[in-house]
Amino acid sequence: MSHWDVHHLPRADGKTFLVTGGNAGIGYFVAEQLAGTGATVLLGSRDSTKAETAIASIRSLVPDAKLGHLRLDLSDLKSSVDTLGIERLDAVVCNAGVLLEDQPRQETADGLELTFATNHLGHFVLVHRLMPLLEAAEAGRVVTTGSFVGKSAELDLDDLQSKRDYQPKRTYARSKLAQMLFAFELDRRLREAGSTVLSVVDHPGGALDSLTPPRPVHPEPAGRKFPAGLLLQGKEAGAWPAVRAVLDPSVRGGEMFGPRVFGLRGEPRREPVRGKLADSALAARLWAASAELTR
């Protein structure tokens, strides 16, 4: 494994990256770190005001940053990406997501459960639409941000819409598992097709607001930082696995990156893909179900 230094990233001048949900949270820090490499970074966000705040924040730290905003609503499967105005895309980081804590089940305009539709199905459709741009790059990458909680989730293929027994956190965990399964299945299909595009998975470990450095998009949080800081980390560190998955030339398709210490904190490393995540039959069934749901 090559040495990787999160504080000294390789240059990526001339490349173009899209980060969904790049206006806040981990996605913001992915965009901030990638902007420092000389690449053009597009922030995918449905809220233009929040995107402009994020862009201004990044430019305050990276004055020569090349940034843009792509209006993107992943809960709307008809949301267009035709206005990118670019000829190729070197990587898309599928990061955006929602967790509706303490709220009743909600549906999108398409009649789909909101969390699963936004986190998984929206990215499923987006990646398909972006594939010609990714194929046009020398070695395009699809980087899907999963979750530590997704590893232990159980996917009910007969109730992907959580109609029978909706629980917000469980539905969120299932959506993240679905994202990771999709990413691994995507790489299998890309390899079979002889594509130059790679599909890679990352997860941020335990990334807390209270441990995250302040930014205009993320004010100084209240609350104690000890002892959580011994086991967990802030969202700027939570971005490291995704950034490595985008930039590291040694990355191979179908790999997964997460924090070094117990998968919860620390510098990013390759993790073994096993258990449910390695279940190609489950992933293929999920793919078919996702294609049917998104028509």
Side-chain angles (χ1 to χ4, degrees), residues 1-2 4 6 9-22 26-27 29-44 66-68 70 72 74 81 84 86-97 119-120 122-147 176 179-204 238-258 268-271 273 277 283 287:
M1 184 188 298
S2 63
W4 184 259
V6 297
L9 300 176
R11 298 294 297 176
D13 302 271
K15 293 190 175 183
T16 300
F17 305 134
L18 168 62
V19 182
T20 71
I26 290 169
F29 286 100
V30 172
E32 180 184 284
Q33 291 166 32
L34 290 176
T37 68
T40 296
V41 182
L42 303 172
L43 280 64
K66 303 177 185 71
L67 301 164
L70 171 65
L72 182 65
L74 289 165
V81 293
L84 276 167
I86 58 174
E87 296 181 354
R88 62 176 173 78
L89 186 63
D90 294 276
V92 55
V93 181
C94 299
N95 160 86
N119 299 1
H120 168 56
H123 284 115
F124 181 82
V125 171
L126 177 67
V127 168
H128 278 81
R129 289 177 174 167
L130 292 176
M131 196 54 65
L133 293 175
L134 292 160
E135 293 276 11
E138 184 178 344
R141 293 186 186 183
V142 178
V143 175
T144 298
T145 299
S147 170
K176 300 307 285 186
Q179 278 190 274
M180 293 189 282
L181 286 170
F182 159 64
F184 291 126
E185 177 65 11
L186 174 63
D187 196 73
R188 282 188 283 269
R189 291 177 181 236
L190 290 169
R191 299 288 70 72
E192 289 174 5
S195 175
T196 58
V197 179
L198 306 180
S199 178
V200 187
V201 173
D202 76 279
H203 74 86
W240 291 344
V243 170
R244 180 171 185 178
V246 169
L247 295 173
D248 188 345
S250 73
V251 166
R252 298 292 177 264
E255 292 184 329
M256 178 167 64
F257 290 82
R269 65 173 179 88
R270 289 182 181 86
E271 289 191 5
V273 179
L277 297 183
W287 184 290

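Here the structure is a predicted model, which means the values were calculated and not measured.
- Taking NE2 of His120 as the start and SG of Cys94 as the end, the distance is 11.0 Å to the nearest 0.5 Å.
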Go through the steps to decide whether His123 and Thr144 satisfy the test side chain to side chain donor-acceptor pair (under 3.5 Å), and finish with yes or no. CA-CA 9 Å; His123 284 115; Thr144 298; over 6 Å; no
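- Rounded to the nearest 0.5 angstrom, Leu34 CG and Leu42 CG are separated by 11.0 Å.
- Looking at every heavy atom in both residues, Leu9 comes nearest to Gln33 through CD1-O, 3.8 Å.
- In this structure, the separation between CG on Leu43 and OG1 on Thr20 is 10.0 Å, given to the nearest 0.5 Å.
- Under the 30°/60° scheme for interplanar angles, the aromatic rings of Phe182 and His128 are found to lie parallel.
- Side-chain atoms of Arg141 do not come within 3.5 Å of backbone N or O of Ala91 as any donor-acceptor pair.
- Interatomic distance, NZ of Lys176 versus NE2 of His203, reported as 11.5 Å (0.5 Å rounding).
- Between Thr145 and Ala242, the shortest heavy-atom distance links the atoms OG1-CB, 4.3 Å.
- Without hydrogens or angle criteria, Asp202 side chain to Pro241 main chain gives no donor-acceptor distance under 3.5 Å.
- Nearest heavy-atom pair across Ala12 and Leu247 is CB-CD2, 4.0 Å.
- Rounding to the nearest 0.5 angstrom, the gap separating the CD atom in Glu185 from the CG atom in Leu190 is 10.0 Å.
- A side-chain contact (heavy atoms from CB on, under 4.5 Å) with Leu89 is found for exactly one of Thr40, Val197, Leu18, Val142, namely Leu18.
- A donor-acceptor pair under 3.5 Å is formed between the side chain of Arg252 and the backbone N or O of Ser250.
- Between Ala245 and Val200 the shortest heavy-atom distance is CB-CG1, 3.9 Å.
- Between the Arg270 side chain and the Glu255 main chain, no donor and acceptor come within less than 3.5 Å of each other.
- Going from atom OG1 of Thr37 over to atom NZ of Lys66 covers 8.5 Å, rounded to the nearest 0.5 Å.
- Checking Val19, Val30, Val93 one by one against Val41, the side-chain contact (heavy atoms from CB on, under 4.5 Å) holds for a single residue, Val19.
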Check against ring-ring contact (aromatic ring centres under 6.0 Å, His included), Phe124 and Trp287: CA-CA 9 Å; Phe124 181 82; Trp287 184 290; 5.3 Å; yes
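- Donor-acceptor pairing under 3.5 Å is recorded for the side chains of Glu135 and Ser195.
- Here the shortest heavy-atom pairing between Pro204 and Gly146 reads CD-O, 3.6 Å.
- Contact record, Ser199 with Ala183: OG-O, 2.7 Å, taken as the closest heavy-atom pair.
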Arg188 vs Glu192, test: salt bridge (Lys or Arg N to Asp or Glu O under 4.0 Å). Steps then yes/no. CA-CA 6 Å; Arg188 282 188 283 269; Glu192 289 174 5; over 6 Å; no
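- Between the side chains of Thr16 and Asp90, not a single donor N or O lies within less than 3.5 Å of an accepting N or O.
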